Asks: 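First the structure, which I've put down as structure tokens, then a few questions once you've had a look.
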Amino acid sequence: MANPKLKSVGKPSQNSNVITRRKPAAAVKTAYSVAEREEIFRRFSVQRPEPRGELEHTNPFTLVVAVALSAQATDAGVNKATRALFKVADTPQKMLELGEEKVRDYIKTIGLYRNKAKNVIALSQMLVDEFAGKVPETREELVRLPGVGRKTANVVLSMAFGQATMAVDTHIFRIANRIRLAPGKTPDEIEARLMKVVPKQYLYHAHHWLILHGRYTCKARRPECERCVIADICKSPEKSWDIPAPLVELPPQVIGEAVE
């Protein structure tokens, strides 16, 4: 029996209906399924229902100052320096009245304190001159303030104004790469990926959960996997333990006495 001849496929005519298939959207870079991500953050929510940042502040202005001062410094170290400062200068106008030299005296235990004191005075001046002494509520305006970068702006937007942001500090940068949740080479890259991979219902608290997880459990030098509530889900090559720690609510945070 002769083999049937295959019909040649020519180019479609101009009148033919051509179905154009769209390319599928690029997959978000993460080692975890949707269900696994849901479970990770569900457990974090049980462990710390209301996580908080550990920088002491009394209003949006003191928060901006505290976060700006925390660059290359610990939260505990910043808190020690700002307790006395914020008692005498908790508004931009009061900070300007205090002056750069006295601000330096209050924060001299913090790294890079001379440059940071200049920035505190400069951002206070800008707030008075351009924002009527109030901290702006948009990222675009916040990053214009001297000494305020994207991470600082994201912290302020979240903690002062209740916006869901992802402030990528050293802890989150390490965690995102170490456990392969949202690996990336730069903080901006990781921020964009985390905003996509974190389940929407957990996004508001996610950056605090990740910071605290990195600070107290998944530590830089040696992750304490035996104390980790997601040890069974974690896909880190460094993981040394597969049994999750008991999922119980932790004692309330004691702000100002954190051990870095």
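The structure presented is a predicted model; accordingly, all values stated were derived computationally and were not measured.
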Asks: So does G111 get a backbone contact from the side chain of K116, meaning a donor-acceptor N/O pair under 3.5 Å?
Replies: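 Side chain of K116 to backbone of G111, a donor-acceptor pair under 3.5 Å: yes, one is there.
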Asks: Find the distance between CZ (R222) and OG (S240) and round it off to the nearest 0.5 Å.
Replies: 6.5 Å
Asks: Looking only at heavy atoms, what is the nearest atom pair of F173 and T186, with distance?
Replies: CE1-C, 3.6 Å
Asks: Would L85 and M95 count as a side chain to side chain contact (heavy atoms under 4.5 Å, CB included) if you check the C-alpha gap in whole Å, the side-chain angles of each, and the deciding distance to 0.1 Å?
Replies: CA-CA 9 Å; L85 173 63; M95 197 68 74; 3.9 Å; yes
Asks: Are Y216 and W241 in one and the same hydrophobic cluster, where Ile, Leu, Val, Met, Phe, Trp and Tyr link if side-chain heavy atoms are under 4.5 Å apart?
Replies: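 No.
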Asks: For a quick test of reading the model, state the closest non-hydrogen atom pair linking T58 to D90 and the distance between them.
Replies: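 Shortest heavy-atom contact: OG1-CB, 4.2 Å.
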Asks: If you look at every heavy atom in Y32 and I179, which pair is closest and at what distance?
Replies: OH-O, 2.6 Å
Asks: Might you work through the side chain to side chain contact (heavy atoms under 4.5 Å, CB included) test for T152 and L142, ending with a clear yes or no?
Replies: CA-CA 8 Å; T152 298; L142 283 167; over 6 Å; no
Asks: Would you check if P92 and K134 make a side-chain contact, meaning some heavy-atom pair closer than 4.5 Å?
Replies: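 In short, these two side chains do not touch, never coming nearer than 4.5 Å.
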Asks: Are I233 and R43 side-chain neighbours, meaning at least one heavy-atom pair lies under 4.5 Å?
Replies: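 Answer yes - side chains close enough.
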Asks: Considering the options I107, T109, L69, V67, which one meets the side chain to side chain contact (heavy atoms under 4.5 Å, CB included) requirement together with V78?
Replies: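 With V78 as partner, side chain to side chain contact (heavy atoms under 4.5 Å, CB included) holds for just one option, L69.
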Asks: Could you tell me whether the side chain of M166 reaches within less than 4.5 Å of the side chain of L203, counting heavy atoms only?
Replies: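 A side-chain contact exists here, since the closest heavy-atom pair is under 4.5 Å.
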Asks: Test of understanding: clusters of I, L, V, M, F, W, Y form through side-chain heavy atoms closer than 4.5 Å, transitively. Do M126 and V143 belong to the same one?
Replies: no
Asks: With side chains defined as the heavy atoms from C-beta onward, is the minimum distance between P51 and Y204 less than 4.5 Å?
Replies: no
Asks: Where the side chain of R104 meets the backbone of R114, is there a donor-acceptor pair that is under 3.5 Å apart?
Replies: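 Side chain of R104 to backbone of R114, a donor-acceptor pair under 3.5 Å: no, none is there.
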Asks: Check T165 against S158 and note the closest heavy-atom contact, atom names and distance.
Replies: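 The pair with the smallest heavy-atom distance is OG1-CB, 3.4 Å.
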Asks: Verify, without hydrogens or angle tests, whether E130 (side chain) and L127 (backbone) share a donor-acceptor contact under 3.5 angstrom.
Replies: no
Asks: Do L247 and R42 touch side chain to side chain, with heavy atoms closer than 4.5 Å?
Replies: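 Sidechains of R42 and L247: in contact.
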Asks: Any side-chain heavy atom of L98 sitting closer than 4.5 Å to one from K94?
Replies: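 They are not in side-chain contact.
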Asks: Please check if the side chain of T62 supplies one atom and the backbone of F86 the other of a donor-acceptor pair under 3.5 Å.
Replies: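 No; zero donor-acceptor contacts below 3.5 Å.
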Asks: Name the orientation class of the two ring planes belonging to F44 and H213 (parallel below 30°, tilted from 30 to 60°, perpendicular beyond 60°).
Replies: tilted
Asks: With sequence neighbours excluded, tell me which residues meet salt bridge (Lys or Arg N to Asp or Glu O under 4.0 Å) with R48.
Replies: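 R48: no salt bridge (Lys or Arg N to Asp or Glu O under 4.0 Å) contacts found.
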Asks: Is the backbone of Y113 close enough, under 3.5 Å, to the side chain of K118 for a donor and an acceptor to pair up by distance?
Replies: no
Asks: Less than 4.5 Å apart, side chain to side chain, heavy atoms only: is that true for K151 and N154?
Replies: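 Side-chain contact under 4.5 Å: no.
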Asks: For E56, does its backbone N or O pair with a side-chain atom of N79 as donor and acceptor, under 3.5 Å?
Replies: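 Yes, because the side chain of N79 sits within donor-acceptor range (under 3.5 Å) of the backbone of E56.
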Asks: Test side chain to side chain contact (heavy atoms under 4.5 Å, CB included) on Y202 and I40 and set out the steps.
Replies: CA-CA 10 Å; Y202 296 118; I40 286 170; over 6 Å; no
Asks: Where do I211 and A167 come nearest, in terms of heavy atoms and distance?
Replies: CD1-O, 4.5 Å
Asks: Under 3.5 Å, is there a donor-acceptor pair between the side chain of R139 and the main chain of L157?
Replies: no
Asks: For residues 183-211, which residue pairs pass the salt bridge (charged side-chain N to carboxylate O under 4.0 Å, His left out) check, not counting sequence neighbours?
Replies: R150-E191, E189-R193
Asks: Linking I/L/V/M/F/W/Y whenever any side-chain heavy atoms sit under 4.5 Å apart, do L210 and V34 land together?
Replies: no
Asks: How about S70 and D75: do any of their side-chain heavy atoms sit closer than 4.5 Å?
Replies: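 Side-chain contact under 4.5 Å: yes.
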Asks: Would you say the side-chain atoms of E38 and Q201 include a donor-acceptor pair closer than 3.5 Å?
Replies: yes
Asks: Over all heavy atoms of both residues, which pair between A231 and K239 is shortest? Give the atoms and the distance, please.
Replies: O-NZ, 2.9 Å
Asks: I'd like to know if the side chain of N59 and the backbone of T91 have a donor-acceptor N/O pair within less than 3.5 Å.
Replies: no
Asks: May I ask whether I175 and L250 are part of the same hydrophobic cluster, defined by side-chain heavy atoms of I, L, V, M, F, W, Y residues being less than 4.5 angstrom apart, directly or through others?
Replies: no
Asks: Working to the nearest 0.5 angstrom, can you tell me the gap between R52 CZ and H205 NE2?
Replies: 11.5 Å
